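Letters A, B, ... mirror the listed sequences (proteins, then strands); counts begin at 1. Values below: all heavy atoms of this structure, side chains included; hydrogens, waters and symmetry mates excluded. Everything numeric in this text was worked out from a predicted model, so none of it was measured.
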Number of protein chains: 2
Amino acid sequence: MEKEITIYDIAKELGVSPTTVSRALNNHPAVNEKTKKKIFSAALESGYQSNVFAANLRNKKTNNIGVIVPRLNSSFQSSVLAGMEKVANEAGYNLIISQSLESYHKEVANALTMFNSRVDGLLVSLAGDTENIDHFMPFLKKGTPLMFYDRIAEHSNTTGITIDNIQAAQNATNHLIEQGCKRIVHVLRTTKINVYADRLKGYKYALLENDIPFNPSLVLYADLVEDVGEEIVNKILKMDPLPDGLFVSNDSCAASCIKHLKLAGIRIPEDIAVVGFNNEFISRLVEPNITTVNYPGYEMGELAMKNLINHLENPGDRMLQNTNKITLRSELIVRASSKRK
Amino acid sequence: MEKEITIYDIAKELGVSPTTVSRALNNHPAVNEKTKKKIFSAALESGYQSNVFAANLRNKKTNNIGVIVPRLNSSFQSSVLAGMEKVANEAGYNLIISQSLESYHKEVANALTMFNSRVDGLLVSLAGDTENIDHFMPFLKKGTPLMFYDRIAEHSNTTGITIDNIQAAQNATNHLIEQGCKRIVHVLRTTKINVYADRLKGYKYALLENDIPFNPSLVLYADLVEDVGEEIVNKILKMDPLPDGLFVSNDSCAASCIKHLKLAGIRIPEDIAVVGFNNEFISRLVEPNITTVNYPGYEMGELAMKNLINHLENPGDRMLQNTNKITLRSELIVRASSKRK
DNA sequence: ATTTACATTACAACCGATTTCATCTATTAT
DNA sequence: ATAATAGATGAAATCGGTTGTAATGTAAAT
């Protein structure tokens, strides 16, 4: 390829020093306006492109922000990412994204890669089987801003951003109870993840409030992948008596359950009333439309990124250090799958 | 923060030269095995972290691969990204992702950012209103591998990877005709994008094959966003006579159409048989299940990334230069939404 | 005319890894 | 014994911006 143009070339061409060129291009106040103009137009004309490597080497920052997600191809996660990308892009940061595929080991590897790539900040939604967050310690030790979202590390005095999953689940369950449900099945992934653990709590609180005894056999654990409905419905059909309510921690999965319940001749919501979670697009398409908890993923992404960048650019304020948890509002959206009138 | 450890520190500690440390850490054959061992353990012990900036500056590469997608939060695109991430990660590359939000201007800005970030390679799926690809010229001029996927730039002698959209649409349309459809509506986004232009062609070819005259008023243009079904169905309901087939370029949108058609009392597939596109998860959840074209997004992502990386690591072979188009297999999946027995 | 103040600009030392070329030692061939 | 070769290591230049400090120039003040 052709040789690249450097500030030295421009300096030589104009008979000034590289220092002045560098300062001019960075809009340093100590450079005469006329000189700046001259330098800018020379740079433009020559097709000069700043060498980020050299700048990074001096400045010790990359303008890259890392994100580790459980999976890229998830309705919720991709909304979050979209929100993050928008904010980062507007602020002049690049997004480096990697996925843990719900595996602790991959997450550890990803964290290491991110660390070695020297991202300026890191946003993480934890993998399904992550039990400790030691692999993020290097970031904390080094002072790199680190923030968790959705699936956060509790009891770790790191900053996390979530919705109030307990309250949301409690509302959802209460709603089912109001509709006359007495035997409510709750489907979740694993209590290892705060998100699900909290929802289970909320479910229990609602039962308690309504003097319904908690029955552990009504709590089902399943990978909330899209096709898991059949397996769940099979378990439900074996219950005697049949439950009359179903609260699934994810709309896609709820949709899949509804499909298989209907195949089994069960009427929704008359026989079993169903509530999902996330307010995914799918909740408005299947029949009946699914009652769900609106989880503002896009907004969460925006907010998380705004906070991180704010922290990067105002290292003075100890916001991130002092804030332990940011909670977003969420609300129950009642639709046909649970409304018994 | 504490001072970082450099190869100079290690060199001093062990009484060797930085040269040897650098070579050892890079597993250079000219370094004695014993020396290597010594250096490796000293590096490990001291918590040495290679400074990528310095290495990048010398090597003139970042190990970052850029991806520009129309939207992150799309079922298809996030699958593609998942495939790309997996391959890139395994090969030791990072993914820098940005979204054009279907806007030509944002795409231009993103391309510039990617260029300035000096990504080693770039993968692009074009925005909806992109009409030329001049903004990618700097990459070509510089010799940075560039590859389009799904929404490719035709007639541009750049490399692109797609499915055979013409054939797929032709098969889909033929299938509807076989089911007895005579008045088939086709819904697409815009013929500016190769993907949709090709599908329209395939639709026309199938009609031609079956001696059905092409009726332009049966072609509907719409943003294929998720909630657009109502608008489309309203147009369909105004047609007289009513169409008996519907071929939508996207499952989410097809699902939304089915919902509103059913609300209008139209039976699927008896009154109108429906075919979608992409084989999204949703196609298996709504009722009736949607006949669709299986578009292997994940595999496309894998393949695109494999090709790009292969090119990066074997600059010798002129594969990318010489290959103009890679075509993936896709097939029609017949389900209840179109099967009339 | 001389001093003081301020605005511009330049020098040179970084940042940390890589690599060319030279050097030195130990081994093998003549 | 001497030359030739291979093996291992090091000195120093390089990649291209950035920045503390010194130097220069100019205008205002005395």
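- With C/dA10, D/dG16, C/dC14 as the choices, the nucleotide that has an atom nearest any side-chain atom of A/T19 turns out to be C/dA10.
- When distances are taken from the side chain of B/S22 to each of C/dT19, D/dA8, D/dT18, the shortest belongs to C/dT19.
- The nearest whole Å value for the distance from the CG atom in A/N32 to the P atom in C/dA10 is 11 Å.
- Contact annotation: A/S17 side-chain N/O to C/dC11 OP1/OP2 distance is not under 4.0 Å.
- At a threshold of 4.0 Å, the pair B/R118-A/E4 counts as salt-bridged, since one of the basic side-chain nitrogens sits closer than that to a carboxylate oxygen.
- Ion pairing of A/E154 with A/K325 is present here, as a side-chain N (NZ or NE/NH1/NH2) and a carboxylate O approach within less than 4.0 Å.
- Note on A/N51: every side-chain N or O is 4.0 Å or more away from OP1 and OP2 of D/dG17.
- Atom CG in A/L25 sits roughly 15 Å away from atom P in D/dG16 (whole-Å rounding).
- When rounded to the nearest whole Å, the span between NZ of B/K12 and P of C/dA17 equals 13 Å.
- Close to C/dT18, at under 4.0 Å from its OP1 or OP2, lies a side-chain N or O of B/N26.
- Atom P of nucleotide C/dT9 and atom NE2 of A/H28 are separated by 11 Å, given to the nearest angstrom.
- Evaluated for a side-chain contact (heavy atoms from CB on, under 4.5 Å) with A/T162, the options A/I326, A/D150, A/N194 yield exactly one hit, A/N194.
- Backbone-only contact: A/T6 has heavy atoms under 4.0 Å from sugar-phosphate atoms and none from a base.
- Put simply, A/Y8 has no side-chain N or O that comes within less than 4.0 Å of OP1 or OP2 on D/dT18.
- Within the structure, every side-chain polar atom (N or O) of A/K36 is placed at least 4.0 Å from both OP1 and OP2 of C/dT8.
- Remark: P of C/dA17 and NZ of B/K61 are 18 Å apart, rounded to the nearest angstrom.
- Heavy-atom contacts from other residues, nucleotides or ligands closer than 6.0 Å to NE2 of A/H105 number 12 or fewer.
- Remark: B/E45 CD is loosely packed, at most 12 non-hydrogen atoms of other residues, nucleotides or ligands lying under 6.0 Å away.
- Each of B/L57 and B/A30 lies near DNA chain D, and the nucleotide nearest B/A30 is the one positioned closer to the 5' end.
- A/V16 comes within 4.0 angstrom of sugar-phosphate atoms only, judged by non-hydrogen atoms across all strands, and of no base.
- Looking at which nucleotide of DNA chain C each of A/R23 and B/I5 is closest to, the 5′-most match is held by A/R23.
- If you measure from atom NZ of B/K38 to atom C1' of D/dA8, you get 12 Å, rounded to the nearest angstrom.
- Along DNA chain D, the nucleotide nearest B/P29 and the nucleotide nearest B/K60 are compared for position; the residue whose nucleotide lies closer to the 5' end is B/P29.
- Rounded to an integer number of Å, the gap from CZ of A/R58 to P of D/dT14 is 19 Å.
- Among the heavy atoms of the strands, none lies under 4.0 Å from B/F53.
- Between the P atom of D/dG25 and the NZ atom of A/K34 lies a distance of 18 Å, rounded to the nearest Å.
- At the heavy-atom level, B/V31 lies under 4.0 Å from the strands shown only through sugar-phosphate atoms.
- Classification of A/E13 and A/K38 as a salt-bridged pair fails, no side-chain N sitting under 4.0 Å from a carboxylate O.
- Among the atoms of the strands shown, none is found under 4.0 Å from any heavy atom of A/N56.
- Checking C/dT18, C/dG16, C/dT9 against the side-chain heavy atoms of B/I7 singles out C/dT18 as nearest.
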